[in-house]
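Here the structure is laid out as structure tokens; the discussion comes afterwards.
Here the structure is a predicted model, which is why all the values come from computation and not from measurement. Residue numbering restarts at 1 for every chain, and letters A, B, ... go by the order of the sequence lines.
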Number of protein chains: 2
Amino acid sequence: MDKSPEVLLELVERLGNLLRAEFRRAGADEQLQPVHVHALVYLTRANRYSNTPQAMAEYLGLTKGTMSQSLLLLDRRGLIERYQDDLDRRVVRLRLSTSGEQFLYDAQPQSAWQHATRNISPNRIRNAVSALRETLTTFQSDNDGQPFGTCNGCRHFERLSARAYRCGLMGDRLSGPEARKICWLYEEKGGGVEEDEE
Amino acid sequence: MDKSPEVLLELVERLGNLLRAEFRRAGADEQLQPVHVHALVYLTRANRYSNTPQAMAEYLGLTKGTMSQSLLLLDRRGLIERYQDDLDRRVVRLRLSTSGEQFLYDAQPQSAWQHATRNISPNRIRNAVSALRETLTTFQSDNDGQPFGTCNGCRHFERLSARAYRCGLMGDRLSGPEARKICWLYEEKGGGVEEDEE
DNA sequence: AAAAAATAGTTTCGAGTCGATACTTTGCAA
DNA sequence: TTGCAAAGTATCGACTCGAAACTATTTTTT
């Protein structure tokens with residue numbers, strides 16, 4: 001009987017807690033809750049399709065009502081800016097304000113973690129990443145949640161030339177940096193579960 | 001420049017969120033918050049030195065005041081029992097009640113996760129476990145938090161015979177199952193780092 | 001084109017989290 | 001004995017969070 005999956009669960013749980021505590025510490029000066037810090041971090045990593053309240057709520061596992069509250073607070077504190085989408089006027093777009101960027105720069109909510117992996121060889125880290133990534137994918141398809149991946153590996157990702165990319169779903173051209181950001185339209189490429197188009 | 005540590009951070013963060021959402025779902029029927037479910041799960045895994053409010057607060061990253069509130073709620077709902085320690089009457093001991101055990105049995109807060117690792121080879125899981133465990137240890141010693149490990153690997157662990165163990169710090173004999181539970185007196189045993197196979 | 005349904009987001013409500021602070025009881029050491 | 005540290009509890013206020021009702025747009029149906 002192998003207990004490894006349980007142990008892995010426990011480690012992820014435990015590290016998740018510590019990360020949360022770290023976010024709490026990082027936000028303490030500004031009176032921010034962990035979820036607020038997490039929201040700001042998310043904004044630095046979300047691509048142009050994913051900088052909306054809804055995508056953020058999915059990502060953080062909250063309802064849209066709850067999300068709305070947190071965004072209200074971040075807006076009041078001047079850490080984010082909200083503006084309307086040109087094409088669909090129901091949609092609100094989000095971005096970090098200058099002081100939001102400054103806050104993340106000062107608080108460095110992720111540095112303690114980065115530091116904690118310093119003794120582990122890149123190869124072991126890559127192995128761990130691959131195992132966890134697969135777990136995440138399985139977990140998400142089991143619970144049919146939004147996927148949230150980056151472009152490489154996405155079914156809609158098209159390479160036009162050496163440096164030019166394109167999202168086949170939205171039809172937009174993408175810059176290299178943008179192709180590395182988080183997208184909530186992500187869909188697993190090949191071999192996966194068929195989508196029912198009805 | 002290798003981005004793997006960042007990616008690992010993001011995966012742990014993301015899986016931690018999903019786990020939290022899973023705990024939320026598991027507790028929804030009984031109107032329990034994620035932290036309550038987590039507390040109950042902790043109790044099933046804590047050894048005899050670690051079933052106190054203080055250890056639990058350390059584990060969950062809360063203050064003792066906050067912990068006291070949650071325990072009050074769990075007690076009111078009849079999911080845990082609190083009793084006094086014989087030797088030190090300031091200390092409160094905690095255990096799951098029968099309905100607490102029943103709740104965990106019914107809600108299965110961890111089964112979705114267990115299921116999500118089904119396609120990953122035991123060997124890859126073990127490698128991931130080893131990398132995360134090391135990250136956890138480094139993180140904890142960086143932030144001088146309580147360690148929380150299990151007996152094997154602990155500096156105080158002594159093997160009396162094939163099936164008999166002893167904690168050198170507390171001087172108690174330990175059963176095999178108990179030696180596999182979580183202990184907040186855990187201290188790292190000096191030792192080498194193993195490289196991945198494969 | 002008008003009506004209906006769906007979608008993005010906001011508001012309101014109530015129970016609960018959470019840290020800070022002050023407090024009680026118990027243990028321990030000078 | 002006196003003082004102080006430790007384990008836990010109680011209280012307060014700002015905030016989280018889901019649920020449900022609501023507004024404003026867009027899309028679909030008729």
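Per the geometry, CD belonging to B/E30 stands 13 Å off P belonging to C/dG16, to the nearest Å. Atom CG of A/N51 and atom P of C/dA8 are 14 Å apart (whole Å). One can place CZ of B/R89 at 14 Å from C1' of C/dT24, the figure rounded to the nearest angstrom. One can place CH2 of A/W184 at 6 Å from P of C/dA8, the figure rounded to the nearest angstrom. When rounded to the nearest whole Å, the span between CG of A/L32 and P of C/dC18 equals 16 Å. Here the P atom of nucleotide C/dC18 and the NE2 atom of B/H38 are 12 Å apart, to the nearest Å. One atom, CD of A/Q31, and another, P of D/dA14, lie 10 Å apart when rounded to the nearest Å.
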Between protein and nucleotides 3-6 of chain D, what N or O pairs are separated by less than 3.5 Å?
unit_1: D/dA6; atom_1: O4'; unit_2: B/R90; atom_2: NH1; d: 3.4
unit_1: D/dA6; atom_1: N3; unit_2: B/R90; atom_2: NH1; d: 3.2

Atom pairs, protein N/O to nucleotides 17-22 of chain D N/O, distance under 3.5 Å:
unit_1: D/dG18; atom_1: OP2; unit_2: A/T63; atom_2: N; d: 3.0
unit_1: D/dG18; atom_1: OP2; unit_2: A/T63; atom_2: OG1; d: 3.2
unit_1: D/dG18; atom_1: OP2; unit_2: A/T66; atom_2: OG1; d: 3.0
unit_1: D/dG18; atom_1: N7; unit_2: A/T66; atom_2: OG1; d: 3.0

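DNA chain C forms stems at C:1-30 with D:1-30, each a run of 3 or more consecutive Watson-Crick or G-U wobble pairs whose two key distances fall under 3.5 Å.
No more than 12 heavy atoms of other residues, nucleotides or ligands lie within 6.0 Å of CD in A/Q31, so this atom counts as exposed by the packing criterion. In this structure, B/Q108 places its CD atom where more than 12 heavy-atom neighbours from other residues, nucleotides or ligands lie under 6.0 Å away. Counting non-hydrogen atoms of neighbouring residues, nucleotides and ligands closer than 6.0 angstrom, the OH atom of A/Y83 exceeds 12 such neighbours. Atom CZ of A/R93 has more than 12 heavy atoms from other residues, nucleotides or ligands within 6.0 Å.
No side-chain donor-acceptor contact under 3.5 Å links B/N127 and B/S130.
To the nearest 0.5 angstrom, A/L96 atom CG is 5.0 Å from A/L43 atom CG.
Tested against B/F157, the residues B/C151, B/C183, B/C167 include a single side-chain contact (heavy atoms from CB on, under 4.5 Å) partner, B/C151. Among B/R24, B/R20, B/R25, the single residue meeting the side-chain contact (heavy atoms from CB on, under 4.5 Å) criterion with B/E22 is B/R25.
With sequence neighbours left out, A/Y49 forms a side chain to side chain donor-acceptor pair (under 3.5 Å) with A/D172.
Between B/Y42 and B/F148, the angle of the ring planes goes over 60°, which puts this pair in the perpendicular group of the 30/60° scheme.
The list of salt bridge (charged side-chain N to carboxylate O under 4.0 Å, His left out) pairs with a residue in residues 109-122 of chain A, not counting sequence neighbours, reads A/R118-B/D142.
Of the charged side-chain nitrogens involved, none lies within less than 4.0 Å of a carboxylate oxygen, so that A/E178 and A/K181 do not count as a salt-bridged pair.
Side-chain contact check for A/V7 versus B/R133: some heavy-atom pair is nearer than 4.5 Å.
Contacts between residues 75-88 of chain B and DNA chain C, defined by a heavy-atom separation below 4.0 Å, involve B/R77, B/L87, B/D88, listed by number.
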